[in-house]
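This report concerns only the one structure given below.
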Amino acid sequence: MILEIVSPEATLFKGEVTSVTLPGIDGSFQILNHHAPIVSILGKGIVKIAAPSFKFGKEVAGKFAKVNDQLYTLAITSGTIEMKDNKVIILAD
């Protein structure tokens, strides 16, 4: 599936991923390939992104923490998510 993470400053990430774990306001949840359409509000927490490989722009690479070669995390304070047609869009603060 395609993941796009957008902040007020810039597009932080866009690429192919295998899963995304998100901090929902009622607890964390995970989205996998071909998940049903969903729109949700995100709370303060950590977004976990699993993918076979990652490419970040130099200007945003410092916002992500590397867990291993196939897992990165991103701390957010709030946001929204939409999953539709196997594309996840996160609008994050």
Tell me, please, which residues at least two apart from Ser78 pass side-chain hydrogen bond (donor to acceptor under 3.5 Å, both in side chains).
Asp93
Within the 4.5 Å heavy-atom criterion, are Phe64 and Ile49 side-chain neighbours or not?
yes
Is there a side-chain contact between Ile31 and Ile81, using heavy atoms and a 4.5 Å cut-off?
yes
Salt bridge (charged side-chain N to carboxylate O under 4.0 Å, His left out) against Glu4, all qualifying residues, sequence neighbours excluded:
Lys87
Distance (rounded to the nearest 0.5 Å) between Ile89 CD1 and Ile5 CD1:
11.5 Å
If you look only at pairs with a residue in residues 53-69, which of them pass as a side-chain hydrogen bond (donor to acceptor under 3.5 Å, both in side chains), with sequence neighbours excluded?
Lys66-Asp69
Determine which pairs satisfy side-chain hydrogen bond (donor to acceptor under 3.5 Å, both in side chains) with at least one residue from residues 39-51, sequence neighbours left out, and list them in order.
none
Thr21: side-chain hydrogen bond (donor to acceptor under 3.5 Å, both in side chains) partners, not counting sequence neighbours:
none
Measure the shortest side-chain to side-chain distance between Ile90 and Leu22 over non-hydrogen atoms and say whether it is less than 4.5 angstrom.
yes
Quick one: does Ile2's side chain get under 4.5 Å of Val88's, heavy atoms only?
no
Who are the side-chain contact (heavy atoms from CB on, under 4.5 Å) partners of Thr18, not counting sequence neighbours?
Ala50, Pro52
Note: Pro8 and Ala92 closest approach over all heavy atoms is CD-O, 3.3 Å
Given side chains that start at C-beta, do those of Ile46 and Leu74 come closer than 4.5 Å, heavy atoms only?
no
I need the full list of salt bridge (Lys or Arg N to Asp or Glu O under 4.0 Å) pairs touching residues 21-37, with sequence neighbours left out, sorted by first then second residue.
none
For Tyr72, which residues count as a ring pair (Phe, Tyr, Trp, His ring centres under 6.0 Å) partner, sequence neighbours excluded?
Phe54, Phe56
When rounded to the nearest 0.5 Å, the distance separating CD of Gln70 from OG of Ser19 is 10.5 Å
Same cluster for Val60 and Val17 if Ile/Leu/Val/Met/Phe/Trp/Tyr side chains link at under 4.5 Å?
yes
According to side-chain contact (heavy atoms from CB on, under 4.5 Å), who are the partners of Ile41, at least two apart in sequence or on a separate chain?
Ile25
Co-membership, hydrophobic cluster, residues Val67 and Val47, 4.5 Å side-chain
no
Could you measure the distance from the OG atom of Ser7 to the CD1 atom of Ile76? Nearest 0.5 Å is fine.
11.5 Å
Results of side-chain contact (heavy atoms from CB on, under 4.5 Å) for Asn86 - residues two or more places apart only
Met1, Asn33, His34, Met83
Check ring pair (Phe, Tyr, Trp, His ring centres under 6.0 Å) between Phe29 and all other residues, then give those that pass, not counting sequence neighbours.
none
